[in-house]
Amino acid sequence: MILVKMRPIFVLLFVVFSGSVSAKETRMSKIDRSLRSRRNVDVSNKYTQLTINTLRVHLNNEDLYFCNSDPYSGVQCPEEMVCVDWHQICDGEQTCGIQYKSQCIDRTIASYGKVDKRMCDGDENERWCVWKKMAPKRCGQDYFISGDKKAKRRRIRSMNFPDNYYNDRFCFWRIRVPEGDRISVFFRQFNTELNYDYVSVGNGEKYDNDAETVVYKHSGENLPKPKSFTSTGNVMWLTFKSDDWDSRKGFVIDFFNTRVKEAKVVGENAFKNTERISCGNTEVVEIGFRETVIVESPNFPKFYSSNMDCIWKYRVGNGRHISINFIEFSTEDNHDDINIGDGIDPRRTANLLKSFSGGKAPTNIVSKSNQVWIKFETNAAINRKGFQIQVKEKYYSECGGQLTVPDGKSIVVTSQNFPENYEPSSECLWQFVHSQERQITFKILDFETEENYDQFTLGDGFEPDENMTNTFIETHSGELPTPNVYTTSGSEGWMLFTSDDVKQMAGFIIEVYDKKHYDELFPSEDGNSEASISFVSSSVDEDLAG
């Protein structure tokens, strides 16, 4: 009986125990998978850059710097024209400050009354040992090809070849031959993600410098052109950069000393010798009232082409400004630049408002004048989707505020969100002052509010008086008022708008002029400006209203 009763308990315990083992095995397998997936994370580009930036802060706090600004090569000895490699740091043999070590120790005795070697041990200091552990791990290395029987060629493959290369990597190699010799480059195999994972190759020590050394950048499934060439000097560099997404098989590239094998074709800078393609508009385009112009990079939304110089020029009315709003934006970072400036001459760099590239859309830009230019330049290599931009006249659409009417110009003021519906339950007061104490003219261009409920008032002076006796329009709603042009008696004017919470409409747009400027723009046949109402007194307003 006891055995019979115990059996289900035993079974239950076995199930629970086996279940706990299974759960443990599952947890362990998850941990194991996590560990496997995290391998090589220390050489990913993002991790490496984070390490470099952190290490740079530590060094700079001690007035120390990377050797030749290269974080992979080591540290510059303080106050000496000597560099110490990472492998030399904390190796038991001091390099930095060794010539002055005895003098340094004497100073510690004079300062502290005893020997303190910690102040004088240079790259053997314990802090340097910590930095050595933080040293970034390089993907790629330097090679020397002497040209003798044992060193005729150096073959470089992408990591993991012939399997797909790893994501998020930046690798670089330097290839050197003896002085007087040259390097021949032969591309054997090539397959990377087009426009995203690319190889760069160039002449000299410094890598990825388009302006001086690069022969070309290349991506895609085809071999580059030319697929073989000879260097201009005895040193070349090669870089490879992959992003976080798709990967391919990669590449195989051979480097020879020219005493062994020569490519004949000289590797010249393709970024300097390629013919440029022009695009954009050659004439200034006028942007009309309530008009929005869409500017797109060539081929948008497909990728733009290489070697392009595009310029667009736009203008609005005098005294107004232009708003530039980026809807989409993606260009090759640090290489395919879009520049925006005031005026219509892109050669005047002093008028530059903004210059940028990359994958993040910039914030809206507002011109300082009524003219603006947009310039887009692409290089000979990597392409992206490009951009789509809205260009339109910029209005002042805040709920109220104190505004200055510029001399000889005008400003445009709208209800909130115009031409979309204004906000409910608003009370907005605008106050205008002329910069040169001249009269101000208001011209109402468009008007639509909820009749009898959302009211607009226009007046003379800086603000409404107690009894609202200084008004041109005491209260108005519905459609465009008649007349629609009003001029102040002095250099100040104001507008008031109130809305309820029931129904909202498009609102209004009003241009506020320097009166002299308005008279010049809209002269009548008798030599005066178009008919307008000037403020004289409240009785005159009442007569007009009647």
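We use all heavy atoms of the structure for the numbers below, so side chains are in, but hydrogens, waters and symmetry mates are not. Count residues from 1 along the sequence.
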Applying side-chain hydrogen bond (donor to acceptor under 3.5 Å, both in side chains), name anything that partners [X], two or more places apart in sequence or on another chain.
X	value
T414	none
N339	S355
D246	none

Salt bridge or not between [X] and [Y]? Use side-chain N to carboxylate O under 4.0 Å.
X	Y	result
E451	K503	no
K46	D244	yes
E286	R315	yes
D345	R347	yes
K368	D342	no
D336	R384	no

Applying ring pair (Phe, Tyr, Trp, His ring centres under 6.0 Å), name anything that partners [X], two or more places apart in sequence or on another chain.
X	value
F240	Y165, F251
F497	Y422, F508
H476	F447

Query raised in the report: Can you check whether H218 and F190 have ring centres sitting under 6.0 Å from each other?
Result: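 Yes: the rings meet the under 6.0 Å criterion.
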Requested in this report: Would you confirm whether the ring centroid of Y304 sits within less than 6.0 angstrom of the ring centroid of F300?
Outcome: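 No.
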Query - Within 6.0 Å of CD in E221, more than 12 heavy atoms from elsewhere - result: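 12 or below, so no.
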Report task. Taking N164 for its side chain and S247 for its backbone only, find out whether a donor-acceptor pair lies under 3.5 Å. Result ->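 Here the side-chain-to-backbone pair exists.
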Requested in this report: Can you label the angle between the F387 ring and the F326 ring as parallel, tilted or perpendicular, going by 30° and 60°?
Outcome: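 Perpendicular.
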